[in-house]
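Presented below is the structure to which this report refers.
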Amino acid sequence: MRKLPVFFVLDCSESMVGDELSRMERGLGLLVQDLRTDPHALETVHVSVIAFAGLAKTIAPMTDLPAFYPPRLPLGGGTSLGRALELLMSEIDNKVVQTRPDKKGDWKPVVYLFTDGSPTDDYRSAVNKWLKSYSNKATMIVVALGQNAESPVLHEISDNVLIFKGDSEVDFKSFIDWVTASIVARSVSVGHGSEPADVSPQNSPVLSLAKPSDINTTDDHCITFLGRCNNTRKPYIIKYLKRPKNINLDMLKLDVGTYHFAGCYAIPDDYHAWTDETIAMPKVNTTMLNGAAGCPHCGGVTALALCGCEQIICYDGSSESVTCPWCETRVGFRPSGAGGMDITRGQG
Ligand SMILES: [Zn+2]
Ligand SMILES: [Zn+2]
């Protein structure tokens with residue numbers, strides 16, 4: 001039986017923390033559930049999932065639909081697109097049966113790459129290798145999750161760069177339905193013995209085809225900070241989003257930061273294992289930030305206290321001093337004052 005290999009290459013960088021990541025996790029489960037109800041897909045589709053953040057790993061090896069179990073998605077700092085492509089290419093080499101003169105191999109694999117930000121690693125050699133030896137062997141569909149997720153390199157690796165424009169549960173469900181339908185369409189055409197036609201987002205209300213000229217490379221839509229609870233020592237991520245452009249702050253004369261608080265999330269302990277810790281990130285002044293939260297682990301009043309070691313910790317406001325879970329020294333706190341304080345941002 002010739003299989004139709006489908007790879008999901010999923011960006012699990014820390015800017016995905018919260019709704020985006022849990023939607024993607026549920027979306028994957030839903031998608032596989034729906035595919036199983038289609039006789040063509042059930043017969044041919046095999047699914048594999050690669051996650052990437054600071055590094056890339058196969059979190060679900062290539063299996064047929066009945067045996068596929070949706071994996072838990074990790075979270076880490078960094079968007080290592082180069083590493084994800086390298087891994088994808090080696091998976092294609094190892095898991096996809098190539099056609100030989102004496103034997104038909106698998107159908108042309110389909111890759112769905114979902115990402116929400118620009119790459120942070122050196123992706124050049126991986127992209128060149130992809131273009132030279134793999135771009136004709138697989139169909140790559142890139143979905144930029146949000147208008148700001150686009151970057152020029154995405155257009156290099158695929159002629160099909162789509163932008164997911166939605167932001168609600170319903171929008172995301174509609175997006176997953178489109179992915180499911182496009183996989184089913186492929187499995188139907190290979191069921192009839194023909195190579196599948198290319199996808200088009202025409203029928204989807206939440207997707208649009210991106211042109212390279214649409215890209216705004218300067219837009220920095222999301223800022224994240226990594227902190228640690230000083231009581232439980234567990235990590236969390238604080239997320240800020242850039243204000244929508246349609247709010248005119250000058251007119252409102254409001255004294256607010258450029259970025260508004262989007263959420264503070266407890267994150268899994270394997271965060272560090274998925275993070276590329278060699279990358280040094282720039283600092284951000286707290287006067288640019290509007291809104292804050294308490295610690296998601298211990299409920300301490302602020303999750304954005306800064307130790308002398310420049311790491312972020314939580315603070316409950318009652319004790320004079322606490323032990324920093326990063327550097328193990330006792331630290332006391334005072335308010336940051338009108339000038340704000342400079343804190344190191346996460347990798348997004
Ligand atoms: Zn805490
Ligand atoms: Zn410290």
Side-chain angles (χ1 to χ4, degrees), residues 12-23 25 53-55 72-79 120 220 222-242 256-348:
C12 297
S13 61
E14 63 191 34
S15 51
M16 294 286 292
V17 73
D19 289 349
E20 283 88 345
L21 201 72
S22 58
R23 270 183 202 155
E25 199 167 83
L55 67 145
R72 178 187 75 83
L73 299 183
L75 185 78
T79 307
T120 54
D220 205 354
C222 175
I223 292 186
T224 52
F225 299 100
L226 173 66
R228 247 174 211 287
C229 172
N230 73 61
N231 288 304
T232 65
R233 310 180 65 87
K234 286 181 182 294
Y236 54 82
I237 282 175
I238 315 167
K239 182 172 176 176
Y240 288 85
L241 293 172
K242 200 166 205 168
V256 290
T258 314
Y259 288 84
H260 65 102
F261 176 73
C264 184
Y265 308 92
I267 54 170
D269 288 330
D270 64 359
Y271 168 85
H272 289 282
W274 280 88
T275 299
D276 180 355
E277 298 192 319
T278 60
I279 298 174
M281 291 302 294
K283 289 183 193 296
V284 171
N285 192 276
T286 49
T287 52
M288 285 176 67
L289 309 174
N290 186 45
C295 174
H297 293 292
C298 72
V301 288
T302 178
L304 202 58
L306 192 68
C307 173
C309 71
E310 305 208 327
Q311 300 286 357
I312 294 163
I313 62 178
C314 76
Y315 179 52
D316 67 10
S318 61
S319 38
E320 286 265 291
S321 65
V322 298
T323 300
C324 170
W326 299 92
C327 69
E328 307 295 340
T329 54
R330 286 302 282 181
V331 281
F333 290 100
R334 58 185 165 74
S336 68
M341 54 187 182
D342 292 326
I343 45 181
T344 306
R345 60 181 287 190
Q347 297 175 27

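Each ligand, and each atom within it, is numbered from 1 in the order the structure gives.
- Ring orientation note: the planes of His297 and Tyr236 are tilted relative to one another, at an angle of 30° to 60°.
- A donor-acceptor pair under 3.5 Å is absent between the side-chain atoms of Lys234 and the main chain of Ile267, judged by distance alone.
- For the pair Ser321 and Val331, the minimum side-chain heavy-atom distance is 4.5 Å or more.
- Arg228 places no side-chain N or O within 3.5 Å of a backbone atom of Trp326 that could act as its donor or acceptor partner.
- Cys295 contributes SG and Cys229 contributes SG; the angle these two atoms make at the Zn ion (ligand 1) is 110°, rounded to 10°.
- Counting only heavy atoms from C-beta outward, the side chains of Phe225 and Arg345 approach each other to under 4.5 Å.
- With waters neither drawn nor counted, the protein N/O/S atoms under 2.8 Å from the Zn ion (ligand 2) amount to 4.
- Here Cys298 meets the criterion, with an N, O or S atom under 2.8 Å of the Zn ion (ligand 1).
- Judged purely by atom type and a 3.5 angstrom limit, Tyr240 uses its side chain to pair as donor or acceptor with the backbone of Gly291.
- In terms of modelled atom types and a separation under 3.5 Å, the side chain of Asn230 and the main chain of Pro325 share no donor-acceptor contact.
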